[in-house]
Enquirer: 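Pasting a structure here, questions to come.
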Amino acid sequence: MSKPTPLSGFPEWLPAQRIIEQRFLDHIRRTFELYGFASLETRAVEPLDQLLRKGETSKEVYVLRRLQADSTDSSDASLGLHFDLTVPFARFVLENAGKLHFPFRRYQIQKAWRGERPQVGRYREFTQADIDIVDRDTLPAHYEAELPLVIGDALAGLPIPKPTVLVNNRKVLQGFYQGLDLVDPEAVMRVVDKLDKIGPAGVTAELSPLGVTDSQARLVLGLAEISADDGSFVDDVRKLGVSDPLLDEGLAELAAVVEAAGAHSPGLCRAELKIARGLDYYTGTVYETQLAGLERYGSVCSGGRYDNLASSGNDRFPGVGLSIGVSRLLGVLFGENALSASRSVPTAVLVAVSAEEDRRSCDRIAAQLRARGIATEVSPSAAKFGKQIKFADRRGIPYVWFPGAEGAADTVKDIRSGEQVEASAGNWTPPAVDLIPVVEGTFN
RNA sequence: GUGGUCGUAGCUCAGCUGGUAGAGCACCGGGUUGUGGUCCCGGGGGUCGCGGGUUCAAGUCCCGUCGAUCACCCCA
């Protein structure tokens with residue numbers, strides 16, 4: 001077999017990176033549960049019609065096909081890998097509505113797949129950590145303020161640059177554009193969203209083919225440039241002189257989210273009237289999250305409110321959700337060399353073996369340490385002690401345990417300081433910081 | 001899907017107008033006869049992405065292909 005080449009877009013982390021990822025996931029999970037979200041895991045595949053129900057994402061979906069399937073066999077042809085966790089969740093809610101209690105809040109940490117060309121922080125297979133709250137018939141607006149606070153807590157505990165949740169409301173854009181009599185509001189949103197990349201002149205140029213006049217474009221840009229971390233943006237929008245009932249509704253909702261967030265967690269959220277994105281099933285509040293200094297890598301956590309995603313017949317389950325792009329977050333920070341783990345293995349102690357005949361007693365020492373929660377492995381061979389220490393050093397294992405010879409006391413050596421002291425496996429404990437690998441970022 | 005760039009050791013790369021495949025780091029061994037990291041010496045490792053073509057001769061030139069990467073599209 002020739003040497004396998006990496007598959008772009010399907011990231012696989014090394015052990016030290018995986019330790020960091022697991023630490024991130026543990027923290028995120030714990031935060032979600034502190035807020036009362038129940039865990040859910042859905043299958044990897046959904047019927048294609050479910051996945052394509054909303055929006056233009058069709059070309060991104062990976063379709064499932066059996067290798068042996070012939071042209072007449074279409075049994076799996078209608079299955080695709082999910083490209084986010086919201087659509088499967090909406091389907092799950094409809095399917096199990098009778099067994100769930102509403103409002104229902106759940107978190108879901110799983111892989112998702114998108115058939116796009118990969119770039120830094122963009123993958124074809126990636127992990128998302130998603131929270132959603134759905135209710136029956138109507139969803140109180142305060143949930144739209146709560147979710148970014150949960151995310152704020154989840155991210156605040158991680159060694160990453162300061163996150164800012166940028167918030168907008170589709171109704172603001174939709175209403176404003178309606179008030180301006182623009183024919184294709186969706187297309188205008190997509191152009192406006194590129195403001196940072198192509199600048200005001202670029203936006204104006206791209207709006208022109210959409211039938212937007214220069215004076216309309218000025219107002220569109222005027223709206224897009226509004227940004228505030230409190231409710232003051234409402235007046236700025238009013239000054240542009242566009243009126244529409246939907247716009248009023250959106251402004252009120254957006255102001256409520258920003259004010260609530262500001263009261264609980266100052267500086268976390270900012271109304272940013274240029275952001276429009278997220279998938280196109282969003283109907284109200286939309287979120288994007290940037291890391292200070294790393295804005296160019298895009299959003300590491302996005303979401304929004306959707307009123308029509310989970311509905312069938314007379315049943316309606318409006319929801320609001322936010323997804324942390326765990327793979328993107330890690331990929332970007334790894335790329336910046338901004339994260340480190342103090343070791344590449346969980347092991348805190350390596351028990352040195354002086355001779356193979358002693359291995360059994362070394363195993364007993366290890367068992368005693370493990371019984372007290374200290375991750376321990378026994379040296380692979382009775383090599384020279386220098387080699388055994390090197391084995392530990394390579395992996396970042398902080399302690400090497402030397403069984404005492406012929407009745408002498410055991411000793412344990414901190415190989416970073418070189419300090420070696422007598423110890424008993426029945427009661428020795430490393431300092432808390434050495435118990436599990438330390439994950440650090442250059443940003444904290 | 002469209003366009004640009006790039007494929008040489010595990011990693012970073014050198015290899016001139018074609019002439020027998022190299023360095024640093026990493027890894028292994030020894031100096032160091034059972035307590036590492038420094039230093040010195042030695043060693044293993046490559047169908048030069050793959051296939052074809054031109055040539056006496058191709059890592060080098062040409063064509064194709066695959067892969068990677070960046071941008072667009074879109075998005076976590």
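Computation of the quantities below employed the complete heavy-atom set of this structure, encompassing side-chain atoms and omitting hydrogens, waters and symmetry-equivalent molecules. Throughout, protein chains are lettered first and strands after them, A, B, ... in sequence-line order, and every chain is numbered starting at 1.
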Enquirer: In whole angstrom, what separates A:K387's NZ from B:U35's P?
Expert: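 One finds 13 Å between P of B:U35 and NZ of A:K387, rounded.
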Enquirer: Which whole-number value in Å describes the distance from A:R296 CZ to B:C70 P?
Expert: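 Rounded to whole Å, this separation is 13 Å.
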Enquirer: What integer number of Å spans the P atoms of B:U38 and B:U20?
Expert: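 About 37 Å, rounded to a whole number of Å.
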Enquirer: Name all pairs fulfilling the ring-ring contact (aromatic ring centres under 6.0 Å, His included) condition that reach into residues 390-435 of chain A, sequence neighbours left out, sorted by first residue then second.
Expert: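 Output for this query lists A:F385-A:F402, A:Y399-A:W428, A:W401-A:W428.
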Enquirer: Is the ring centre of A:Y123 less than 6.0 Å from the ring centre of A:W113?
Expert: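 No - the distance between ring centres of A:Y123 and A:W113 does not fall below the 6.0 Å cut-off.
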Enquirer: Strictly below 4.0 Å: does A:Q388 bring a side-chain N or O up to OP1 or OP2 of B:G36?
Expert: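 Answer is no, no contact under 4.0 Å.
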Enquirer: Can you figure out which of B:C27, B:A71, B:U35 approaches the side chain of A:Q119 most closely?
Expert: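 Looking only at heavy atoms from C-beta outward on A:Q119, the closest nucleotide is B:A71.
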Enquirer: Return no unless some side-chain N or O of A:R394 is found under 4.0 Å from OP1 or OP2 of B:C27.
Expert: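 It does, given that an N or O in the side chain of A:R394 lies less than 4.0 Å from OP1 or OP2 of B:C27.
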Enquirer: Say you pick atom P in B:G64 and the same atom in B:C11; how far apart are they, in whole Å?
Expert: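 Comparing P positions in B:G64 and B:C11 gives a spacing of 28 Å.
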Enquirer: Closest nucleotide of RNA chain B for A:K197 versus for A:G298: which of these residues is on the 5' side?
Expert: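 Per heavy-atom nearest nucleotide, the more 5' residue is A:K197.
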Enquirer: Output the rounded distance in Å from CD1 (A:I109) to P (B:A76).
Expert: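 My rounded result for the distance is 17 Å.
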Enquirer: Taking side-chain hydrogen bond (donor to acceptor under 3.5 Å, both in side chains) as the test, write out the residues that go with A:Q128, two or more places apart.
Expert: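 By the side-chain hydrogen bond (donor to acceptor under 3.5 Å, both in side chains) rule, A:Q128 matches no residue at all.
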Enquirer: Indicate whether OP1 or OP2 belonging to B:U33 is found under 4.0 Å from a side-chain N or O atom of A:K384.
Expert: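 True: A:K384 side-chain N/O within range (under 4.0 Å) of B:U33 OP1/OP2.
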Enquirer: Is there a donor-acceptor pair under 3.5 Å between the side chain of A:R106 and the backbone N or O of A:S39?
Expert: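 Absent.
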Enquirer: Distance check needed: B:G37 C1' versus A:I389 CD1, whole Å only.
Expert: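 Between C1' of B:G37 and CD1 of A:I389: 10 Å.
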Enquirer: What is the ring orientation for A:W13 with A:F334, classed by angle as parallel under 30°, tilted 30 to 60°, or perpendicular over 60°?
Expert: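 Ring orientation, 0 to 90° scale: perpendicular.
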Enquirer: I want to verify a distance call: between B:G3, B:C73, B:G36, whose nearest atom is closest to the A:R117 side chain?
Expert: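 So the nucleotide nearest the side chain must be B:G3.
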Enquirer: Could you state the atom-to-atom distance from NZ of A:K390 to P of B:A26 in whole Å?
Expert: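 Answer to the nearest Å: 10 Å.
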Enquirer: Sticking with atom P, work out how far B:G24 lies from B:C40, rounded to a whole angstrom.
Expert: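 These two P atoms come out 12 Å apart once rounded.
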Enquirer: Just need the stems in RNA chain B: three or more back-to-back Watson-Crick or G-U pairs, each with both distances under 3.5 angstrom, sorted by first number.
Expert: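 Expected stems, ordered by start: B:1-7 with B:66-72, B:10-13 with B:22-25, B:27-31 with B:39-43, B:49-53 with B:61-65.
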Enquirer: Sub-3.5 Å donor-acceptor pair from the side chain of A:R105 to the main-chain atoms of A:Y35, do we have one?
Expert: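 Flag set: sc A:R105 to bb A:Y35 pair under 3.5 Å.
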Enquirer: Taking atom P in both B:G7 and B:G45, what distance in whole Å separates the two?
Expert: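 Approximately 26 Å lies between the P atom of B:G7 and that of B:G45.
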Enquirer: Rounded off to whole Å, could you give me the CE-to-P distance for the A:M189 and B:C74 pair?
Expert: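 Between P of B:C74 and CE of A:M189: 14 Å.
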Enquirer: Write down the distance separating the P atoms in B:A9 and B:C48, rounded off to the nearest Å.
Expert: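 One P to the other, the span is 10 Å.
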Enquirer: What residues in residues 318-334 of chain A put a non-hydrogen atom under 4.0 Å from any atom of RNA chain B?
Expert: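 Heavy-atom cutoff 4.0 Å gives A:G325, A:R328.
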Enquirer: Going through the distances and angles, do A:E253 and A:N169 end up as a side chain to side chain donor-acceptor pair (under 3.5 Å)?
Expert: CA-CA 8 Å; A:E253 290 178 8; A:N169 192 302; 3.0 Å; yes
Enquirer: In whole Å, I'd like the distance from the CZ atom of A:F10 to the C1' atom of B:G67.
Expert: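 In whole Å, B:G67 C1' and A:F10 CZ are 14 Å from each other.
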Enquirer: Quick one: list whatever passes side-chain hydrogen bond (donor to acceptor under 3.5 Å, both in side chains) with A:D393, sequence neighbours left out.
Expert: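 With sequence neighbours excluded, A:D393 shows a side-chain hydrogen bond (donor to acceptor under 3.5 Å, both in side chains) to no residue whatsoever.
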Enquirer: Considering every strand and a 4.0 Å limit on heavy-atom distances, what is the contact class for A:Y123: base, sugar-phosphate, or nothing?
Expert: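 Since a base atom lies under 4.0 Å of A:Y123, the category is base.
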Enquirer: CD of A:Q420 versus P of B:G36: gap in Å, rounded?
Expert: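 Between P of B:G36 and CD of A:Q420: 11 Å.
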Enquirer: With no hydrogens and no angle check, do the side chains of A:T347 and A:R395 hold a donor and an acceptor under 3.5 Å apart?
Expert: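 No.
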Enquirer: Does B:C73 have OP1 or OP2 sitting under 4.0 Å from an N or O in the side chain of A:K194?
Expert: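 For B:C73, OP1 or OP2 has a side-chain N or O of A:K194 closer than 4.0 Å.
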Enquirer: Applying side-chain hydrogen bond (donor to acceptor under 3.5 Å, both in side chains), can you list everything that pairs with A:Q119, at least two apart in sequence or on another chain?
Expert: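 If we apply the side-chain hydrogen bond (donor to acceptor under 3.5 Å, both in side chains) test to A:Q119, skipping adjacent residues, there are no hits.
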